[in-house]
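Counting begins at 1 with the first residue of the sequence.
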Amino acid sequence: MWFFPISVIALTILLSVPLSRYLAKIMDGKYCPPRFLRWFEARLNSGPQNWKQYAGALLVFNIVLFVYGFVVLAIQPWAPLNPRHLGMLSPTTIFHTVISFITNTDLQHYSGDQHFSNFSQIFFGFTMFFLSAAIGLCSLTAIIRALRGEEKIGNFFVDMWRVVVYMFLPIAFVFSLIFMQQGMPMTFQSTYQVSTLEPAAMGTADNGQPKQQTIVVGPLAAFTPMKMLGTNGGGFYGMNSAHPFENPTAGTNFLETFAMMWFPFALVLMYGRMLGRLRHGVVIYSVMLLMLVGTIAWVIYFDTMKPNPGLTAHPTARTYNIPSATAPGGKRTVVLPTVAGLPVDQHLGNLEGKELRFGTSAGATFAAATVDVTCGAVNAEHDSLNPVAALSPMVGMWLNCIFGGKGVGMINMLLFIVIGIFIAGQMVGRSPEYLGRQIGAREMKLAMLALLIHPIMILGPSGLFAGTSWGQKAESNPAAHGFSQIVYQFSSASANDGSAFDGLGVTYGFNNNPNPAPTARQWDIVTGLVIVFSRFIPIIAPIAMAAYIGQKKPKPFGAGTLRDDTATFAGLLLATVLIIGALLFLPVAALGPIAEHLGPIPFGG
């Protein structure tokens, strides 16, 4: 049970060290590529950019990506590689999907095998996997250069080239070869028609002959590596990494879990290396690792080691007195009858929604890790986690700094570092300093802007949808669990994660669909806007903050200076993250998974 999470974390830690050296070497321009690649890189180099030019280039690039992605999906009915003649998705779904993919969120309001042709999977999904992941890494690199005091923080297009060509392509190619060897399909064929082992299992045709099963395939061995390495998470199939073609063996499951954590781990060390403060990077790495281990241990303990309360017996009737304005005495008595347990052996814990090919703890481990690194791929059903176990992926998205995605997780942690140092400075009566440079009011305003946009984009829309028919018509479960479904969806959108409590009615489907989910359009538009604000404000504001910090004159290290490479600093940083996270999200946790866990049948008592 514990071997899988321990081994995959240990391997990731071990291999993140050499990868961090390689990443720092590339982003510092010390890597010497082949001559023909240097020629292409030189063509992209329009000169060094200051932070405003860099941020502007980043935004313009994303606008171009949005237009490109929208056009690719809109022309799907007339494009090649579409032998099933799939139509165009709803315009609001295209809007949401393109926004989601260009921001590395990949929150899917559609099912890839049902709604996408291979043309869309390749020229939209596969392309966005590389580019959206590179944008976050480039942003972190720009921040590092700014913190080093460099007025020119590089060239965005050169950085993009280096990340995609020198990092992602060669590593993804190696993973593709391994996945093909493990049985993952790699073909431009769209479907196969096969006869089932049980005749007429798919029904019979009008002539009485058994129908054949349609099996959707595609270039999965090329698609899946960057889905995981880029912490994208968007699945080729609706079942994502629980599908036997997208994750065929226990070996591929181990590699996919490792792949989504590898770059986020290494980027924290790259941060320390490029700043020339490796010990500082190790301290941050240790804090993140402690939180990641905590979330994985939590979900394994409360899900893999505990039975599903919905299947266990409740042999004793219970009586509750609840406040009521209309009942005599102001209280109404509610009697909950006895409930018989189902004849299910639960010695292996909660197995609902789990893919048992990978082992009992693999689903729980994947569930925590995929949100900690904001990947969003799934190999088990998060909606089926025991209520208190579901706190783990939610907390990972709410904190949004436990390694996080490509560069963005470290950027989010930088915000907590600045805020923690500011609070500590106020407590001891000293001017707050980071990397020897003073943190002023302007920097704090930018840090708070970037930090607070996250809870605002979760709590505001969650309250709106929970209190109106927009959310109530989409819920597949009542009361606390339905509320958790809504909160999870907006948490995933704001954290740029992409996983979901499936069952929420958010799918419109094709534009000519006569029976879409009642409020699918509202979900498409609002979650799309949440994704946009929660992606770009926490990138642009920290770039500006780092530039303003870097412009200040470094102060000499003194006896009263707060060291950033000690256990004391690690404790300060951990406390800052947990206390701020609790203040922002504990109330909504109490209304959702905690209320479900402590409430009446089936989870109370």
Side-chain angles (χ1 to χ4, degrees), residues 73 76-89 108-126 175-225 227-228 234-256 344 351-359 362-363 377-381 383-384 502-503 507 509-516:
L73 295 186
Q76 175 174 271
W78 306 279
L81 299 176
N82 185 17
R84 291 183 289 165
H85 306 292
L86 299 178
M88 187 180 80
L89 293 171
Q108 296 172 283
H109 287 182
Y110 67 94
S111 181
D113 51 322
Q114 299 298 317
H115 297 116
F116 269 20
S117 67
N118 276 349
F119 175 85
S120 298
Q121 298 279 23
I122 295 169
F123 291 97
F124 174 74
F126 187 61
F175 272 86
S176 296
L177 296 178
I178 298 173
F179 287 163
M180 277 195 291
Q181 189 277 330
Q182 288 290 297
M184 198 173 288
M186 182 62 197
T187 176
F188 290 118
Q189 180 83 16
S190 295
T191 60
Y192 286 100
Q193 302 294 326
V194 298
S195 299
T196 56
L197 294 177
E198 181 182 347
M202 305 302 296
T204 57
D206 294 338
N207 59 6
Q209 295 298 314
K211 289 183 179 180
Q212 289 187 309
Q213 182 180 3
T214 300
I215 298 179
V216 178
V217 292
L220 275 99
F223 182 95
T224 306
K227 182 190 85 169
M228 307 308 299
F236 191 96
Y237 297 96
M239 295 300 295
N240 209 287
S241 286
H243 195 284
F245 287 171
E246 202 159 340
N247 197 0
T249 68
T252 59
N253 183 69
F254 184 93
L255 288 176
E256 288 190 21
V344 177
L351 299 182
E352 180 187 325
K354 305 300 189 300
E355 178 51 82
L356 296 183
R357 294 179 296 126
F358 307 139
V378 295
N379 71 354
E381 183 51 74
D383 193 49
S384 295
D502 288 331
T507 301
F510 295 117
N511 196 35
N512 60 355
N513 182 10
N515 297 302

Quiz prompt | Side-chain heavy-atom pair Gln213, Thr196 within 4.5 angstrom cut-off | solution = yes
Quiz prompt | Glu246 side chain reached by Lys227 side chain, heavy atoms, under 4.5 Å | solution = yes
Exercise. Could you pull out the closest heavy-atom pair between Phe188 and Ile122, with the gap in Å?
Key: CE2-CD1, 3.6 Å
Exercise. Check Glu256 against Ser241 and note the closest heavy-atom contact, atom names and distance.
Key: OE1-OG, 2.7 Å
Quiz item: Gln193 versus Thr214: any side-chain heavy-atom pair under 4.5 Å?
Solution: yes
Quiz prompt | Trace of the side-chain contact (heavy atoms from CB on, under 4.5 Å) decision for Val216 with Arg84 | solution = CA-CA 10 Å; Val216 178; Arg84 291 183 289 165; 3.5 Å; yes
Exercise. Supply the atom-to-atom distance Ser117 OG to Phe124 CZ, rounded to the nearest 0.5 angstrom.
Key: 12.0 Å
Exercise. First locate atom CE of Met88, then atom OG of Ser120, and finally report the distance between them rounded to the nearest 0.5 Å.
Key: 11.5 Å
Self-check item: Nearest atoms (heavy-atom pairs only) where Gln108 meets Gly235
Solution: OE1-N, 2.9 Å
Quiz item: Under 3.5 Å, side chain of Gln76 to main-chain N/O of Asn82, donor-acceptor pair present?
Solution: no
Quiz item: What closest approach, in Å, do Ala79 and Phe119 show between heavy atoms, and which atom pair accounts for it?
Solution: CB-CD2, 3.4 Å
Quiz item: Do the side chains of Pro248 and Phe179 get nearer than 4.5 Å, heavy atoms only?
Solution: no
Quiz prompt | Closest heavy-atom pair and its distance - Ala222, Ser176 | solution = CA-OG, 3.7 Å
Quiz prompt | Worked check of side-chain contact (heavy atoms from CB on, under 4.5 Å) between Val217 and Phe245 | solution = CA-CA 8 Å; Val217 292; Phe245 287 171; 3.8 Å; yes
Quiz prompt | Beyond-backbone contact of Met184 with Phe223, side-chain heavy atoms, under 4.5 angstrom | solution = no
Practice problem: State, with a plain yes or no, whether a side-chain heavy atom of His243 is found less than 4.5 Å away from one of Asp113. | Solution: no
Quiz prompt | Interatomic spacing from CG in Asn118 to OG in Ser190 - rounded to 0.5 Å | solution = 4.0 Å
Quiz prompt | Gln182 side, atom CD; Leu177 side, atom CG - distance, nearest 0.5 Å | solution = 12.5 Å
Practice problem: Any chance you could measure Phe510, atom CZ, to His115, atom NE2, to the nearest 0.5 Å? | Solution: 5.0 Å
Exercise. Mind listing the closest non-hydrogen atom pair of Ser384 and Lys354 along with its distance?
Key: O-NZ, 4.5 Å
Quiz item: How many angstroms lie between CZ in Phe116 and OG in Ser111, if you round to the nearest 0.5 Å?
Solution: 10.5 Å
Exercise. Tell me, yes or no, whether the heavy-atom count around Asp206 atom CG, taken from other residues, nucleotides or ligands under 6.0 Å, exceeds 12.
Key: no
Quiz item: Is the side chain of Thr224 donor-acceptor paired with the backbone N or O of Leu220 at a distance under 3.5 Å, no angle test?
Solution: yes
Quiz item: Between the main-chain N or O of Asn253 and the side-chain N or O of Asn247, is there a donor-acceptor pair closer than 3.5 Å?
Solution: yes
